[in-house]
J.: 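Below you will find the structure I want to go over with you.
Everything numeric here is computed off the predicted structure, so don't read it as measured data. The figures here come from the full heavy-atom set of this structure, side chains too, leaving out hydrogens, waters and symmetry mates. The sequence lines fix the lettering, A, B, ..., with proteins before strands; numbering per chain opens at 1.
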2 protein chains.
Amino acid sequence: MDKKMIAKYEEQARIIKALSHPSRLIIIDELHSGRRCVSELTELVGSDTSTVSKHLSVLKNAGLVFVEKEGTTVFYNLRMPCILDFFSCIESVIEANALGQMENVISCKTKK
Amino acid sequence: MDKKMIAKYEEQARIIKALSHPSRLIIIDELHSGRRCVSELTELVGSDTSTVSKHLSVLKNAGLVFVEKEGTTVFYNLRMPCILDFFSCIESVIEANALGQMENVISCKTKK
DNA sequence: TTCTTACTTGGCTATATTGCCAAATAAGAA
DNA sequence: TTCTTATTTGGCAATATAGCCAAGTAAGAA
């Protein structure tokens, strides 16, 4: 595995890590419906404004969102809507997991 | 945002988090070519066997891989190959990021 | 049984992430 | 200018993650 390849995987991981938090997923999902300002997202997520602002900067640093400033208001926009497709795969993993658990219950194979 | 929704996003985040490490991405990518045992993946990733084993258990707990044991050898398999589509989106984010940086250089807007 | 190979788990330290509060900044309004 | 609203940043404590070594388990060979 050469350095270039490793750098590629590190870069991918950095972006995926930016998606790996429930609050940030809520934000990404919401931005599919259009741009939102920080206060709207703060209201939606239900954390402190500063916390939401930091989540937004994580998304921005990953290149997943971009901003439009209008007066004192900062609007966040989704940069790559293809992220949506990805959610459907994650959902199918979750469904498969649920199904697997159900099978365990039915056949009494549930682990200790 | 009701509890059920929050639980959904938490579950999604849990699975995405399992993907958010370069070594685990290397593993996922490799498994697209077929099942691999722990020693093969250890060789590929280049970390301690115990480290790789822990990465594999993270992927297994997320439902992203499943195992087949044959004697003392444990083969890991990809459970949801749709994960591949996702990589192409991440790659497009990376490309867009690179392009954006290039524009900054050209227009001398690079930040301090 | 003992040895070896393949893998997992425990335990530890180092590092990173999260979330809150408080303080700083920025743009308008008064 | 001062006040207010919108947002970001600094700092800190709590928690989670990563990686290594050492020890444990499991299956087959000798």
Side-chain angles (χ1 to χ4, degrees), chain A residues 1 6-7 9-28 30-31 35-77 111-112, chain B residues 1 6-7 9-28 30-31 34-62 64-77 111-112:
Chain A
M1 175 89 32
I6 291 178
Y9 286 112
E10 279 172 352
E11 186 57 12
Q12 288 185 343
R14 202 177 65 80
I15 291 168
I16 295 169
K17 189 170 286 179
L19 288 167
S20 72
H21 189 287
S23 300
R24 295 198 290 265
L25 291 180
I26 291 173
I27 291 168
I28 291 282
E30 178 69 11
L31 295 184
R35 72 180 198 172
R36 296 287 186 274
C37 69
V38 180
S39 1
E40 289 171 323
L41 295 170
T42 297
E43 165 83 27
L44 179 70
V45 167
S47 305
D48 193 86
T49 314
S50 67
T51 301
V52 173
S53 177
K54 281 178 183 173
H55 281 310
L56 289 167
S57 90
V58 170
L59 292 173
K60 192 171 59 180
N61 286 332
L64 292 165
V65 300
F66 66 94
V67 303
E68 293 170 312
K69 298 189 183 188
E70 288 179 18
T72 65
T73 305
V74 179
F75 290 100
Y76 280 80
N77 300 264
K111 307 236 178 82
K112 24 71 229 228
Chain B
M1 176 88 34
I6 292 178
Y9 287 112
E10 280 172 351
E11 185 58 13
Q12 288 186 341
R14 203 176 64 81
I15 291 168
I16 296 170
K17 189 170 287 178
L19 289 167
S20 73
H21 189 286
S23 301
R24 294 197 289 266
L25 291 180
I26 292 173
I27 291 168
I28 291 283
E30 177 70 10
L31 295 185
R35 71 181 199 174
R36 296 288 185 272
C37 69
V38 179
S39 2
E40 288 170 325
L41 295 170
T42 297
E43 164 84 28
L44 178 71
V45 167
S47 306
D48 194 86
T49 315
S50 67
T51 301
V52 172
S53 178
K54 281 177 185 175
H55 282 310
L56 289 167
S57 89
V58 169
L59 293 173
K60 192 170 59 178
N61 287 332
L64 293 164
V65 300
F66 67 93
V67 304
E68 293 170 312
K69 298 188 183 187
E70 288 179 19
T72 66
T73 305
V74 179
F75 290 100
Y76 281 80
N77 301 263
K111 307 237 178 79
K112 41 0 324 204

J.: Send over the distance from B:Leu59 CG to D:dT17 P, rounded to a whole Å.
T.: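 These atoms are roughly 14 Å apart.
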J.: Please work out which residues in residues 39-52 of chain A have a non-hydrogen atom less than 4.0 Å from an atom of DNA chain C and list them by number.
T.: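 Contacts with DNA chain C under 4.0 Å: A:Ser47, A:Asp48, A:Ser50, A:Thr51.
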J.: Return the 5'-most residue of the pair B:Lys54, A:Lys54 with respect to DNA chain C, ranking by each residue's nearest nucleotide.
T.: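 The residue mapped nearer the 5' terminus is B:Lys54.
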J.: Side-chain contact test, heavy atoms from C-beta onward, threshold under 4.5 Å: evaluate it for A:Leu59 versus A:Leu31 and give yes or no.
T.: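 The answer is no, as the side chains (C-beta and beyond) never meet within the 4.5 Å cut-off.
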J.: Could you work out which one of D:dG11, D:dG19, C:dC7 sits closest to the side chain of B:Cys37?
T.: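 The nucleotide sitting nearest to the side chain is C:dC7.
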J.: Nearest-Å distance, OH (B:Tyr9) to C1' (C:dT18)?
T.: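 In whole Å, C:dT18 C1' lies 20 Å from B:Tyr9 OH.
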J.: Determine yes or no for a side-chain-to-main-chain donor-acceptor pair under 3.5 angstrom, with A:Thr42 supplying the side chain and A:Val38 the backbone.
T.: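 Here the side-chain-to-backbone pair exists.
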J.: Under the side chain to side chain donor-acceptor pair (under 3.5 Å) test, which residues partner B:Asn61, sequence neighbours left out?
T.: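 With neighbours one apart ignored, the set is empty.
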J.: Is there side-chain contact between B:Thr51 and B:Val45, with at least one heavy-atom pair below 4.5 Å?
T.: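 Heavy-atom side-chain distance check fails, nothing below 4.5 Å.
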J.: Give a yes or no on whether the backbone of B:Ala18 and the side-chain of B:Arg24 come within a donor-acceptor separation of less than 3.5 Å.
T.: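 Side chain of B:Arg24 to backbone of B:Ala18, a donor-acceptor pair under 3.5 Å: yes, one is there.
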J.: Would you indicate whether the side-chain heavy atoms of B:Glu11 and B:Ile15 approach each other to under 4.5 Å?
T.: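 The answer is yes, as the side chains (C-beta and beyond) meet within the 4.5 Å cut-off.
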J.: Counting any heavy atom closer than 4.0 Å, what does B:Thr73 reach on the DNA or RNA strands: base, sugar-phosphate only, or nothing?
T.: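 Since only primed, P, OP1 and OP2 atoms lie under 4.0 Å of B:Thr73, the category is sugar-phosphate.
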J.: Expressed as a whole number of angstroms, how long is the span from B:Lys60:NZ to C:dT8:C1'?
T.: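 To the nearest whole Å, that distance equals 9 Å.
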J.: For C:dA6 and B:Thr72 - does any side-chain N or O of the residue sit under 4.0 Å from the phosphate oxygens OP1/OP2?
T.: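 It does not, given that no N or O in the side chain of B:Thr72 lies less than 4.0 Å from OP1 or OP2 of C:dA6.
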J.: Take a 6.0 Å sphere around CD of B:Glu68 and say whether it holds more than 12 heavy atoms from other residues, nucleotides or ligands.
T.: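 Counting other residues, nucleotides and ligands, CD of B:Glu68 exceeds 12 neighbours.
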J.: Can a side chain N or O of A:Tyr76 be found less than 4.0 Å away from OP1 or OP2 on D:dA6?
T.: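 Result: no.
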J.: What is the distance, rounded to the nearest whole Å, between atom CG of A:Leu56 and atom P of C:dT18?
T.: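 Atom CG in A:Leu56 sits about 13 Å away from atom P in C:dT18.
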J.: Go through residues 14-28 of chain A and report each residue with a non-hydrogen atom lying under 4.0 Å from DNA chain C, sorted by number.
T.: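 By residue number: A:Lys17, A:His21, A:Arg24.
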J.: In whole angstroms, how far is the P atom of D:dA16 from the CD atom of B:Glu10?
T.: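 For the pair B:Glu10 CD and D:dA16 P, the rounded distance is 12 Å.
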J.: May I ask you to verify if any side-chain N or O of A:His55 is less than 4.0 angstrom from the OP1 or OP2 atom of C:dG19?
T.: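 Looking at the OP1 and OP2 atoms of C:dG19, one of them is under 4.0 Å from a side-chain N or O of A:His55.
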J.: Can you measure A:Glu70 atom CD to D:dT7 atom C1' for me and round it to whole angstrom units?
T.: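 Atom CD in A:Glu70 sits about 15 Å away from atom C1' in D:dT7.
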